[in-house]
Amino acid sequence: MKNIVMIAPPGAGKGTQSELLMSKYGYMHISTGDLIREEMAKGTELGKSVEQIMKSGHFVSTEIVTELLEKCLKEMNNEHPFILDGYPRKLEQCTILDSVLKRIEKSIDVVFYLEMTEEEAKNRILGRMTCPKCHRSFNRFSPSRMPKVEGICDDCHSLLETRSDDTEETFKTRYQEFIQESKPILSYYENLGILKRIDNSGTPEETFSQIESVIQ
Ligand SMILES: [Zn+2]
């Protein structure tokens with residue numbers, strides 16, 4: 001099975017795709033955000049210093065994130081393929097990742113980019129609504145996921161809640177930041193010949209079947 005790096009704009013449903021890969025193919029999901037949170041929860045020396053850094057409003061450095069990532073990859077048993085999520089986030093991290101993997105004799109085999117337009121991503125995020133009672137989710141901009149009655153849950157008829165913290169303005173900033181950050185990373189992997197662009201404009205199932213056809 002192929003080891004994966006997953007890159008996607010906000011709202012693309014990266015989490016859903018990762019979950020499908022985990023349940024169907026036994027993938028391990030490695031998110032650097034989770035690794036940082038776990039380290040803090042464990043209360044190690046490193047965890048404590050990370051907590052200090054974050055409390056003071058700074059970003060955790062590439063050195064620390066890489067250290068956590070290397071430790072996790074090293075401890076992982078080789079039977080399970082992995083999905084890397086949230087790393088590399090900068091171009092310099094691509095080469096760092098390469099040398100880490102080389103050291104521990106692992107590799108990245110494919111980099112998926114879940115492609116969608118800014119408009120599609122925006123609608124997914126800003127249109128998101130959930131039922132507070134049965135937790136079913138809807139989207140007021142998506143014909144296939146719109147509730148039958150506006151603002152009301154199809155199943156239990158509760159009043160739906162808007163789930164997004166984003167406004168149109170904050171979404172735009174977040175999306176543009178993502179595009180700027182990911183551009184050099186995508187071309188790095190394109191040059192290595194392992195970038196696969198996935199059309200993410202359809203349903204999660206449609207996206208997943210494209211992913212499956214690459215990893216099988
Ligand atoms: Zn409901």
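Along the sequence shown, residues are numbered consecutively beginning with 1. When a ligand or atom number is given, it counts from 1 through the structure's own listing order. Keep in mind that what you see is a predicted model, and the values were worked out from it rather than measured.
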message: Donor-acceptor check, side chain of Asp109 to backbone of Asn3, threshold 3.5 angstrom: yes or no?
response: yes
message: Taking Pro81's backbone N and O only, do any of them form a donor-acceptor pair with Tyr25's side chain (distance below 3.5 Å, no angle check)?
response: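 Pair absent, no side-chain N/O of Tyr25 close to backbone of Pro81.
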- prompt: Can an N, O or S atom be found in His157 less than 2.8 Å away from the Zn ion (ligand 1)?
  reply: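 No, His157 does not qualify, because none of its backbone or side-chain N, O or S atoms lies under 2.8 Å.
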query: From His135, does some N, O or S atom reach closer than 2.8 Å to the Zn ion (ligand 1)?
result: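 False for His135.
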query: At the Zn ion (ligand 1), what is the angle formed between atom SG of Cys156 and atom SG of Cys131, rounded to the nearest 10°?
result: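 Value returned, to the nearest 10°, is 100°.
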- prompt: Just by distance, with hydrogens left out, do Gln93 and Thr66 show a side-chain donor and acceptor under 3.5 Å apart?
  reply: no
task: For residues Asn139 and Asn123, report the shortest heavy-atom separation together with the two atoms involved.
output: ND2-O, 3.3 Å
